[in-house]
Amino acid sequence: MNNPLIVEQAGNSVITDLGRTRGPAFGLPVNGALDQFSAKAANILAGNPDNDPLLEITALDFRMRATSDLLIAVTGAPLHLTVGGRETPCWEPVSVRAGETVAIRRITTGLRAYIAVHGSFPVPVLLGSCAPDTVIGFGLRLANGTALPTAASLPPVSQPHFGLPLYRLGFAAPQFRDHLVIDVTDGPDVTEFGATAELLYRSTYTVSPRSNHIGLRLGGLLPERQTTAEVLSRGVPVGAIEVPSRDELLLLHRGRGVTAGYPVLAVATTRALDLLGQARPGHTITFRKTTVAEATATHRAACLELERLRGTVQTVFGLLGVGTNAGWRELPAAAGI
Amino acid sequence: MSAPTLEIHESGDAALRAVAVSADKEANWSTVHSLAAWLATAGVDGIHGAVPTYDSVLVEFDPYITSARQVRAFIQLGMRQLEFVGGGLRQPRHFDVPVVYGGGYGPDLERVAEQQGLSVAEVIALHTQKSYLIRCLGAPAGSPMMDGPDFPHPVPRLKDPRLSVPAGAVSVAGRQAVIAPAVAPGGWCVIGQTPLVVLDAAREPLVPYTPGDVLRFHRIDAVEFARLEGRPLEATA
């Protein structure tokens, strides 16, 4: 075990991963990083497996101090990142020297940032995941002064002249905006809303401040259920759009209760849920109808983008010997010698 | 009675809802639970798990590894397999749940009695005289969802849901009954509380029962409550 990371300003931060996928069968929500794309990218950039525990920072400024040399990566919403006082790019691997402070300030246009640390953190897991569950009170919420053990230390890699950071992988980070176009597919109960279902595609919705990891509450024109028959409790998918009240739409996110008795009007796509994980109160949303086949293709394209990033990172880290034992290594013989 | 047919509905790019359709509610229930058990045993790459309730089961999957089309075909394969080998659920376990009714333990007991046109004693008698089949696990945190006591009328939900209902709360609403494994907001009528611990996050599974198990309530007093407080809920047979 290495020297720990010291959280100096916790803001609103947790340790999480990609979620408790075995949870729903036991009545627990999946939870986990609300912007899965950014979380996976952070781990890939830090040379970790996708599902390793990492920091999720929501809305508020955050600061931590390294007590050993570390390799980290910060992704997610646009923000101002400094390491040891130097302005530092996000969406790139970053070397942090022992004693330096990593500070995240002014998260804008989105809501959540992710910090992955090479080697990750040893943390308790429940049903295979460290993701916090607010209902049963599981998980690690960080406070000022929390000491997080890190599993690996890496000597800093930097350009010897001028101390310039070495890594410039140039991965095109997703665009963050304050108006989101959210792809949805028809929900299994769309016919219960009759012609009013179309309102979903004609209205602009505003994200309410009462939104959280359980669901986003959206103000705008509300489709209305045309039947009154009692609905038996059913498993509802993450992304389900329901109309539980006369005030707002409810779009369920990863903290959603697993079962509910409301008809499902539409379901946000996996890729759209990442965008929704970055929606701030006051942001506006319009919905666009798509098909399951198209949504799957879009999701897979995003996954392939991450696979290409992984390839680049592995090449660079391989050449630098990051993540391998120090020492001489035999290079493969060149052809023809 | 013919076996239920299964309708499979799209539910986004990472889930499918399968619904058992027939006039026989019991057959619908056992079909979706047998299918969920079969899917869990099959352990297919990319299928995260299944959430069966009354007449439907939500099957969640990773759309990078598999797809709605493949999972749909796999569910249909499961149904044929179950028709062939039979989908018998395993033997039920039994749970005995001590409850203090009314007062601070069950603040809605009198309201429920009044609304049903019954005395408080009659409500307690109806609640304790029946064996309850656990139909499914619900929110929050693996609540045992059961068909309610044989009250004359459905129980209306609270107009103003509570922001916090304690763990162990024993509630009724509509034609259903439940125990709360964890502290959570709730709109059901709380008629009592059990001193036993239902959910233990350090244990796997987190709750000791599964759908198909059987549960009974019996009345205790506040002294007994204090004596039993903090003990885990365990199967009796």
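Residue numbers start from 1 in every chain, and the chains themselves are labelled A, B, ... in the order their sequence lines are given, proteins ahead of strands.
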Which residue out of [options] racks up the most heavy-atom pairs below 4.5 Å with chain B?
options: A260(A), G27(A), G257(A), P188(A); value: P188(A)
options: V184(A), T291(A), V30(A), T259(A); value: T259(A)
options: T270(A), V135(A), T296(A); value: T270(A)
options: T134(A), V236(A), V238(A), T269(A); value: T269(A)
options: L304(A), T290(A), D189(A); value: D189(A)

Give me the contact list for [range] versus chain A, heavy atoms only, anything under 4.5 Å, ordered by residue number.
range: residues 172-188 of chain B; answer: A182(B), V183(B)
range: residues 154-170 of chain B; answer: none
range: residues 8-17 of chain B; answer: H9(B), E10(B), S11(B), G12(B), D13(B), A14(B), A15(B), R17(B)
range: residues 49-61 of chain B; answer: A50(B), V51(B), T53(B), Y54(B), D55(B), S56(B), L58(B), E60(B)

Taking all non-hydrogen atoms of both residues, which atom of A201(B) and which atom of L126(A) are closest, and how far apart?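 A201(B) and L126(A) have their closest heavy atoms at O-CD1, 3.1 Å.
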Give me the atom names and distance for the closest heavy-atom approach of A25(A) to L137(B).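 The answer is O-CD1, 3.9 Å.
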Which portion of T185(A) sits near chain B, non-hydrogen atoms under 4.5 angstrom: side chain
Please classify the contact of D186(A) with chain B as side chain, backbone, both or neither, using a heavy-atom distance under 4.5 Å.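 Backbone only.
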Y262(A), OH atom: more than 12 neighbouring heavy atoms under 6.0 Å: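 Counting other residues, nucleotides and ligands, OH of Y262(A) stays at 12 neighbours or fewer.
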[X] side, atom [atom1]; [Y] side, atom [atom2] - distance, nearest 0.5 Å:
X: F138(A); Y: L206(B); atom1: CZ; atom2: CG; answer: 10.0 Å
X: D62(B); Y: H299(A); atom1: CG; atom2: NE2; answer: 5.5 Å
X: K25(B); Y: L232(A); atom1: NZ; atom2: CG; answer: 7.0 Å
X: F26(A); Y: T210(B); atom1: CZ; atom2: OG1; answer: 10.0 Å

Verdict with supporting geometry, R300(A) and S67(B), side chain to side chain contact (heavy atoms under 4.5 Å, CB included): CA-CA 10 Å; R300(A) 288 180 175 178; S67(B) 68; 3.8 Å; yes
